[in-house]
Amino acid sequence: MAKTIIISNRLPLQIKIENEELTVTPSVGGLATGMKSVHKAGDSLWLGWSGLTEEEIDDNLKADVEAASAKEACVNVPLTQDDVENFYYGFSNKTIWPLFHYFTEYTEYQQDYWVKYREVNEKFAEVVAKHIEPGDKVWIHDYQLMLLPQLIKERYPDSAIGFFLHIPFPSFEVFRILPWRTEILEGLLGADLIGFHTYDYERHFFSSVRRLLGYEINFNEIIINNRIIRSDIFPMGIDYDKFHNASVSQQRKSVKDRTELHQELDKHQLVNPEVRFILSIDRLDYTKGIQKRLYAFEHFLEKYPEYRGQATLIMLCVPSRQNVDQYQRMKSEIDELVGRINGNYSTINWTPVWYFYRALPFENLIDLYSSSDVALLTPIRDGMNLVAKEYVAAQIDSKGVLILSEMTGAAKEMSEAILINPNNIDAIADAIHEALAMPAEEQITRIDTMQNRLKRYNVEKWADDFFNNLKEVQEQQALQSGKKLTEAMQHEVAKDFHKAKSRILFINYDGTLVAEKENPQKAKPTSEVIDILDTLAADSHNEVVIVSGRDKKAFDKWFKDKNYTLITDYGASCKEPGKEWTEAEGIDTDWKKLILPVLEFYEDRTPGTFVEEKNYSLVWHYRKSDPELGVGRANELKDQLTSLIANHDLEILEANKSIEVKNSDTSKGKAAMRKINGRSIDFIMAIGNDWTDEQMFRELPDEAVTVKVGKTTSSARYNISNYKNVLQFLKVLIAAE
């Protein structure tokens with residue numbers, strides 16, 4: 001039975017060794033909590049690191065660690081201390097984490113870190129190889145494993161692979177700083193579906209793919225070597241019922257059955273009924289804006305002195321990456337700020353900041369959520385921030401106010417919160433005042449709206465949405481593979497080719513026989529191409545026709561004395577072997593005087609573009625321009641040209657990074673039909689890579705073998721990946737003779 005393989009840096013378990021014995025407890029928070037219900041819901045296997053290095057596990061305990069993991073449907077990926085130091089604390093958390101959160105000043109670029117990051121991703125791939133089976137779905141999570149999708153796809157090309165990034169994807173201007181940017185993108189593009197929390201992250205990813213790798217994006221899909229890769233937005237939900245029901249259960253307990261923390265909170269409110277609790281929960285991290293939050297709370301006490309003695313900030317900081325320098329310095333700064341605020345404002349009956357530096361069990365988190373009047377969450381940058389959603393879910397009487405940084409992914413969904421800029425201390429102070437003064441009716445309206453949304457799009461819906469999209473991509477790929485000209489099919493076509501006594505082959509040039517070049521004049525045929533064409537043309541049963549949108553100058557130079565027919569300018573010019581060029585009659589070119597200045601205007605205002613003048617057409621090339629600027633200018637140009645050609649027999653062709661204007665009474669399809677009309681031909685084949693070749697595919701007889709190179713949306717019967725595969729296919733035809 002097919003299963004789901006979940007892969008993350010850490011297993012959703014805490015495994016410890018004490019007195020030669022293992023203790024295993026579930027992890028709390030983040031991905032572990034969010035994915036727990038998904039993991040338990042069906043047949044799944046979770047792969048990740050146990051938290052224990054190889055040096056920490058005695059040989060006699062290794063089997064116990066594996067057994068403890070297996071009991072929870074988990075598999076340990078063994079890592080050494082060196083792996084953890086350089087892969088996790090190094091590249092993952094000193095390079096990727098700060099860069100992706102826009103803290104470029106903290107980012108380190110060490111080759112040793114990168115080498116280890118690659119090695120550990122390969123270790124994960126090796127463990128996957130031991131457990132993956134046909135039909136399995138693979139779901140890889142987060143920034144520690146961005147090379148893994150490609151490593152798995154290379155070994156198992158038919159596997160369905162999803163990847164989800166739980167942190168922001170930075171803008172191109174930030175991402176381009178990374179020395180290994182290309183490798184990271186190529187690693188991610190091994191996945192069939194790539195998920196992000198927000199549209200901004202997806203947009204930044206697409207921008208980097210377009211600018212650094214040059215791939216075209218069609219809506220939310222990238223096609224590479226005929227493989228469809230989709231990216232989409234999946235804002236991660238929470239297990240809403242778990243948090244809400246736990247809050248209801250906690251409130252219904254008798255006083256004596258409540259937790260010690262809950263009793264302390266109740267006692268404090270009995271002593272001081274007017275006190276209002278403001279909750280701050282974060283993992284200790286410089287992205288969370290904790291210091292600025294404390295400055296803002298201090299400013300609030302100064303600006304609104306009436307709340308002294310009535311507003312208490314409960315600040316929970318969960319320890320994180322304690323051996324990283326920035327975190328140690330941050331911990332010291334937070335300690336000093338808390339001490340200063342409490343020293344300046346405390347009274348006998350009131351302490352302004354209750355500071356907890358520890359992880360709390362789930363039931364204590366619920367105590368804090370349900371007892372707090374306000375949640376103050378002000379990250380400087382955060383991929384999602386599930387704490388905001390958990391706090392809202394835990395409000396059983398629909399009262400409570402969420403103050404949330406607009407720099408979080410959650411802010412895109414939770415507009416009913418009081419949204420603030422985390423760098424604006426005065427605005428945060430005002431937001432605290434607004435929250436404490438908010439009428440109960442307004443609190444209920446806001447919380448109810450957010451709760452209804454969180455109920456609908458919970459973590460299970462999030463996972464289902466992701467898997468449904470992954471299934472759709474698989475179905476698209478299945479349709480694609482149905483048209484793929486496989487090796488076996490090539491040999492079947494070759495048999496028909498060999499049986500035929502008269503054959504004609506229409507072959508496009510750029511992108512079909514040679515790679516497309518930034519400068520078309522540099523796309524000279526290789527010796528391999530010439531040898532293949534010469535061999536085909538030497539057979540008296542074959543007629544080889546090179547049909548192209550190029551003008552005749554280049555073909556005259558490259559193929560002048562060859563034994564094959566040349567059709568250029570989309571059929572306007574034709575040269576048969578041993579004869580002179582002939583031109584189609586009645587083709588007007590006076591229109592160039594109108595169109596050329598327009599193209600030159602766009603050339604002048606779009607760096608990296610140029611205009612090519614052919615005999616019967618004009619082309620504006622923008623392959624060397626900035627990708628996003630080029631696409632934008634191309635759309636502008638098309639709009640302008642559409643109105644200009646309205647009263648002329650002209651058409652606009654949009655090819656690969658070019659806009660071409662030509663006479664509408666010439667086409668590759670018409671040229672091909674002129675070659676076969678009135679003749680008895682046993683075998684007809686057409687191969688091409690752009691949409692002008694579609695005219696040939698549609699107009700040729702149904703029995704013709706039509707082959708599209710590249711993108712799959714086509715009228716052609718077959719599909720082939722790239723020009724290299726075309727050359728290999730032509731060699732198969734030759735060998736069949």
Side-chain angles (χ1 to χ4, degrees), residues 9 85-118 120-121 142-147 165-188 194 196-213 282-293 295 320-334 377-385 405-412 420-425 626-628:
N9 171 57
E85 193 63 37
N86 290 287
F87 153 74
Y88 181 70
Y89 290 112
F91 195 80
S92 295
N93 291 310
K94 291 183 180 178
T95 305
I96 294 297
W97 179 268
L99 184 71
F100 279 39
H101 287 85
Y102 296 80
F103 285 82
T104 55
E105 69 273 24
Y106 292 159
T107 308
E108 299 180 17
Y109 308 98
Q110 292 193 29
Q111 183 68 20
D112 290 348
Y113 289 170
W114 164 249
V115 170
K116 185 57 69 174
Y117 183 82
R118 192 174 58 218
V120 170
N121 273 255
D142 230 359
Y143 62 103
Q144 300 95 344
L145 302 173
M146 290 189 289
L147 302 182
L165 186 68
H166 292 266
I167 66 173
F169 195 95
S171 69
F172 166 71
E173 288 301 328
V174 173
F175 182 71
R176 70 188 297 200
I177 299 171
L178 186 66
W180 306 280
R181 59 203 185 181
T182 300
E183 292 90 335
I184 293 294
L185 288 179
E186 289 174 343
L188 291 172
I194 303 169
F196 299 96
H197 285 304
T198 74
Y199 173 69
D200 287 341
Y201 308 156
E202 180 190 45
R203 179 170 55 88
H204 293 158
F205 171 70
F206 280 150
S207 178
S208 292
V209 168
R210 188 183 288 118
R211 290 167 179 256
L212 294 172
L213 301 182
D282 292 289
R283 185 171 51 80
L284 186 71
D285 194 278
Y286 49 76
T287 66
K288 302 299 184 182
I290 299 171
Q291 299 99 307
K292 289 185 179 180
R293 193 177 312 165
Y295 283 119
S320 173
R321 301 165 189 154
Q322 293 164 283
N323 62 342
V324 177
D325 293 342
Q326 291 99 331
Y327 291 78
Q328 294 169 358
R329 291 194 295 270
M330 182 172 48
K331 169 68 165 55
S332 298
E333 185 179 351
I334 290 170
L377 305 171
T378 62
I380 296 170
R381 183 75 61 171
D382 207 344
M384 174 49 70
N385 197 293
S405 166
E406 62 190 20
M407 305 299 179
T408 64
K412 306 294 184 184
I420 51 88
N421 182 323
N423 297 303
N424 191 333
I425 289 172
D626 175 277
E628 294 188 350

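Quick caveat: nothing in here was measured; it's all calculated off a predicted structure.
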Undergrad: Do Asp282 and Arg293 have side-chain heavy atoms sitting under 4.5 Å apart?
TA: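 A side-chain contact under 4.5 Å exists here.
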Undergrad: State which residue, out of Asp382, Asn385, Thr378, fulfils the side chain to side chain donor-acceptor pair (under 3.5 Å) condition with Lys288.
TA: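 Testing Lys288 for a side chain to side chain donor-acceptor pair (under 3.5 Å) against Asp382, Asn385, Thr378 leaves exactly one candidate, Asp382.
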Undergrad: Is there side-chain contact between Leu147 and Arg118, with at least one heavy-atom pair below 4.5 Å?
TA: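 The answer is yes, as the side chains (C-beta and beyond) meet within the 4.5 Å cut-off.
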Undergrad: Rounded to the nearest 0.5 Å, how far apart are OG of Ser320 and NZ of Lys331?
TA: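 If I round to the nearest 0.5 Å, the distance is 13.0 Å.
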Undergrad: With a 3.5 Å distance limit and no angle check, can you tell me whether Thr95 reaches the backbone of Glu108 through a side-chain donor-acceptor pair?
TA: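 Looks like yes, one N/O pair under 3.5 Å.
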Undergrad: Taking the side chain as every heavy atom from C-beta outward, state whether Glu628 and Ser207 have any pair of such atoms under 4.5 Å apart.
TA: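 Yes, close enough: below the 4.5 Å cut-off.
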Undergrad: Any side-chain donor-acceptor pair under 3.5 Å between Asp285 and Thr287?
TA: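 The answer is yes; a qualifying pair exists.
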Undergrad: Flag the pair Leu165 / Leu188 as yes when at least one side-chain heavy-atom distance between them is below 4.5 Å, and no otherwise.
TA: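 In short, these two side chains do not touch, never coming nearer than 4.5 Å.
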Undergrad: Go through the steps for Phe175 and Leu185 under the test side-chain contact (heavy atoms from CB on, under 4.5 Å), then give the verdict.
TA: CA-CA 10 Å; Phe175 182 71; Leu185 288 179; 3.7 Å; yes
Undergrad: Can we call the ring centroids of Phe196 and Tyr201 under 6.0 Å apart?
TA: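 That pair fails the under 6.0 Å test.
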Undergrad: Which of parallel (below 30°), tilted (30 to 60°) and perpendicular (above 60°) describes His101 and Trp97?
TA: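 Geometry flag for Trp97 against His101: tilted rings.
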Undergrad: Let's go through Tyr109 and Ile177 carefully: what are the C-alpha distance in whole Å and the side-chain angles of both, what is the deciding distance for side-chain contact (heavy atoms from CB on, under 4.5 Å) to 0.1 Å, and is it a yes or a no?
TA: CA-CA 10 Å; Tyr109 308 98; Ile177 299 171; 3.1 Å; yes
Undergrad: So, Tyr117 versus Trp180, ring centres under 6.0 angstrom or not?
TA: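 No: the rings miss the under 6.0 Å criterion.
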Undergrad: Is any side-chain heavy atom of Asn421 closer than 4.5 Å to a side-chain heavy atom of Glu406?
TA: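 Yes, close enough: below the 4.5 Å cut-off.
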Undergrad: Show the nearest heavy-atom pair for residues Leu99 and Leu178, with the distance to one decimal.
TA: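 Distance-wise, the nearest heavy atoms are CD2-CB, 3.8 Å.
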Undergrad: How long is the straight-line distance from CZ of Arg203 back to OG of Ser208, given to the nearest 0.5 Å?
TA: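 Ser208 atom OG to Arg203 atom CZ measures 11.0 Å (nearest 0.5 Å).
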Undergrad: Indicate the atoms forming the closest heavy-atom contact of Pro98 with Tyr286, along with that distance.
TA: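 Here Pro98 and Tyr286 meet closest at CB-OH, 3.1 Å.
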Undergrad: Mind checking the CG-CE spacing from Leu284 to Met330? Nearest 0.5 Å is all I need.
TA: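 So the CG of Leu284 and the CE of Met330 are separated by 4.0 Å.
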Undergrad: If you measure from OH on Tyr199 to NE2 on His204, what distance do you get to the nearest 0.5 Å?
TA: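 If we round to the nearest 0.5 Å, Tyr199:OH and His204:NE2 are 9.5 Å apart.
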Undergrad: Aromatic rings Phe205 and Phe169: how do their planes relate, parallel, tilted or perpendicular, breaks at 30° and 60°?
TA: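 Correct class here is perpendicular.
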Undergrad: I need the minimum non-hydrogen distance between Pro422 and Lys292, along with the two atoms involved.
TA: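 Answer, listing the atom of Pro422 first, then Lys292: O-CD, 3.9 Å.
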Undergrad: So how far is it from Ile290 CD1 to Leu377 CG, rounded to the nearest 0.5 Å?
TA: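 Reported value, rounded in 0.5 Å steps: 10.5 Å.
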Undergrad: Taking atom OG1 of Thr198 and atom CE of Met384, what is their separation to the nearest 0.5 Å?
TA: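 Taking OG1 in Thr198 and CE in Met384, the distance rounds to 7.5 Å.
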Undergrad: Testing the 3.5 Å rule here: is there a donor-acceptor pair between the side chains of Asn93 and Tyr106?
TA: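 No - no donor-acceptor pair under 3.5 Å links their side chains.
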Undergrad: Considering non-hydrogen atoms only, spot the tightest contact between Asn9 and Leu145 and give its length.
TA: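 Reported closest heavy-atom pair: N-CD1, 3.9 Å.
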Undergrad: Begin with the C-alpha distance, continue with both residues' side-chain angles, and end with the deciding distance and a verdict on side-chain contact (heavy atoms from CB on, under 4.5 Å) for Asn121 and Phe87.
TA: CA-CA 9 Å; Asn121 273 255; Phe87 153 74; 4.1 Å; yes
Undergrad: Closest approach of Pro379 and Ser405, non-hydrogen atoms and distance?
TA: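 Shortest heavy-atom separation between Pro379 and Ser405 comes out as O-OG, 2.6 Å.
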Undergrad: Taking C-beta and beyond as the side chain, do Leu212 and Phe172 meet within less than 4.5 Å on heavy atoms?
TA: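 Result yes, sub-4.5 Å side-chain heavy-atom pair found.
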Undergrad: Minimum heavy-atom separation for Arg381 and Pro168, please, with both atom names.
TA: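 Heavy-atom minimum between the residues: CG-CG, 3.8 Å.
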Undergrad: Does Lys412 NZ have over 12 foreign heavy atoms under 6.0 Å away?
TA: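 Check fails, neighbour count at 12 or below.
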Undergrad: What verdict does the ring-ring contact (aromatic ring centres under 6.0 Å, His included) test give for Tyr143 and Phe100, after you've listed the backbone C-alpha separation in whole Å, the side-chain angles of each residue and the deciding distance to 0.1 Å?
TA: CA-CA 9 Å; Tyr143 62 103; Phe100 279 39; 7.7 Å; no
